[in-house]
Amino acid sequence: MPEGPEVRLASDYINHICCNVIFSGQIVKSDVSKNPSITFAAPFYTITGQSRGKELLLTLKEADANNGNSEEMNHRVKKECDSRLEMRILFGFGMSGSFSVTDSDNIPKHSHLRFYAHNKSSMVLNFVDPRRFGTWRVTNNWSPNRGPDAAFEYELFCNNIASHLNASLFNKPICEVLLDQKYFNGIGNYLRAEILYRAGIPPFTMARNVFDPSTSQSKNKSKKNNSKPKQETKMSNAVKIEGGIENNKVLSLCRDLQLELIGLRAESWHGSFDEEATARFGSWLQCYCKPEMKNLVDNIGRTIWFLVVCPLIDKKSRMTGSRKKKSDDVKEDLPKNQAKGKRGTDKKSGTKGKKKEDITPIKKPRKRIKVEDPDFQESSKNSEPKGISKGSTRVLRSRKNSSKKGNT
DNA sequence: CGTCGATTCTTGCT
DNA sequence: AAGAATCGACG
């Protein structure tokens with residue numbers, strides 16, 4: 001599942017491979033893809049890429065067949081500054097999108113958009129997407145409903161969050177907020193697990209408490225949400241919003257883990273992940289899909305992987321990050337009835353399009369977990385969320401703890 | 001209007 | 001199982 005780092009690597013890959021390559025001819029779309037056909041008027045063009053979060057923007061720019069300027073183009077360029085034809089295509093990778101450069105005789109099976117090189121015969125840039133959740137469209141801009149890139153626009157990224165902390169979204173569990181691309185563009189399911197695990201934050205902590213220490217501290221002291229806390233310097237992330245939200249642990253991890261992964265995989269990046277790169281990624285993961293971790297399906301239906309911490313265990317050992325004996329840390333302290341339970345609302349449950357009343361009676365009551373449920377959180381100190389909308393009560397089920405390969 | 005839940009898309013891998 | 005758009009219900 002491509003997340004920020006994979007998209008960035010794809011962009012780097014394109015720029016690396018397509019540097020000095022002239023493309024020409026029709027841009028070919030597969031028959032099965034429902035994405036738009038692309039017609040670019042320039043007979044010859046170059047391709048460059050940029051990434052922002054999970055989006056990749058390709059820029060096609062008119063060029064001469066010899067990488068110089070054609071007479072006709074030269075004429076226009078001189079006349080009006082730079083009027084070379086240009087087109088941008090914005091890609092979303094969905095869950096299986098990637099770019100790969102291949103020989104024209106070896107087009108990947110699920111290549112859905114192809115750019116043919118002109119001066120390097122038989123070279124093709126493919127957008128490959130087996131599961132076809134990927135999208136593309138012609139536009140010059142990033143999607144307006146997606147936020148800045150956490151790794152490469154860190155200031156903007158932090159400010160976007162700090163200035164919207166009062167939004168109701170931040171009443172939700174941090175694990176769910178981390179998937180909201182309006183604020184966390186580039187974060188996906190494996191990154192959220194790694195971020196929260198390394199920050200030592202329980203996944204269902206109210207998001208606002210993670211970013212605004214004043215709110216979380218007030219919770220600690222008393223159930224009354226009255227006084228503004230004065231001692232807000234205990235937690236590692238207890239930083240004044242005004243002064244330095246960029247020092248917040250979760251936010252800096254959003255940046256640093258992505259940069260780490262980009263560095264980790266850049267060396268062996270050849271368009272697709274070879275065995276070694278895949279293995280390295282797997283060993284980089286500390287939480288996601290790890291057999292010693294727990295997982296649950298959250299309120300938005302996504303599986304969150306996390307470390308369950310026994311409340312009786314010395315908290316300092318966690319705060320300092322010395323969590324070596326993982327298997328010992330993981331206690332079976334989840335409520336019993338959470339540990340099983342099948343998916344009750346799959347799409348094929350035979351109730352598609354039906355009213356809720358049809359299915360509610362059938363469902364047997366299960367343990368529900370709200371934000372910062374004291375039964376669930378190791379930190380009952382943070383419980384008693386005053387402003388929590390009672391709405392976020394979805395049945396949380398655990399997934400089978402099957403270890404998958406952490407491919408992308 | 002804002003929020004929430006359900007549904008849809010799609011296919012490869014257990 | 002994944003990411004994201006869309007739709008209807010609800011208050």
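Chain letters run A, B, ... following the sequence lines, proteins first and then strands; every chain starts at 1. These numbers come from a predicted model, not from an experiment.
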Starting from [atom2] on [N], measure out to [atom1] on [X] and report it in whole angstrom.
X	N	atom1	atom2	answer
A/N171	B/dT3	CG	P	10 Å
A/N299	B/dA6	CG	P	11 Å
A/L179	C/dA1	CG	P	15 Å
A/Q181	C/dA5	CD	P	9 Å
A/F93	C/dA1	CZ	C1'	19 Å
A/N166	B/dG2	CG	P	14 Å
A/F133	B/dC9	CZ	C1'	5 Å
A/D129	C/dA4	CG	P	13 Å

Relative to A/W284, does A/R198 satisfy both conditions: NZ or CZ under 6.0 angstrom from the six-membered ring centre, and within 45 degrees of the ring's axis? yes
A/E3 side-chain N/O to A/N189 backbone N/O, donor-acceptor pair under 3.5 Å: yes
Test salt bridge (Lys or Arg N to Asp or Glu O under 4.0 Å) applied to A/R88 - qualifying residues, sequence neighbours left out: A/E86
DNA chain C nearest-nucleotide lookup for A/R131 and A/N185: closer to the 5′ end is A/R131
Could you check whether A/T135 gets within reach of a base, just the sugar-phosphate, or nothing at all, counting any heavy atom under 4.0 Å? nothing
Report which part of the nucleic acid A/N145 touches: base, sugar-phosphate, or nothing (heavy-atom distance under 4.0 Å, all strands). sugar-phosphate
Examine A/F40 together with A/F23 and report whether their ring centres are nearer than 6.0 Å. no
For the ring pair A/F99 and A/F115, is the centre-to-centre distance below 6.0 Å? no
Check whether any side-chain nitrogen or oxygen of A/K172 sits under 4.0 Å from OP1 or OP2 of B/dC4, and answer yes or no. yes
Can you tell me which nucleotide in [options] comes closest to the side chain of [X]?
X	options	answer
A/P130	B/dG12, B/dT10, C/dA4	B/dG12
A/K54	B/dT10, C/dA4, B/dT3	C/dA4
A/H110	C/dA4, B/dT3, B/dG12	B/dG12

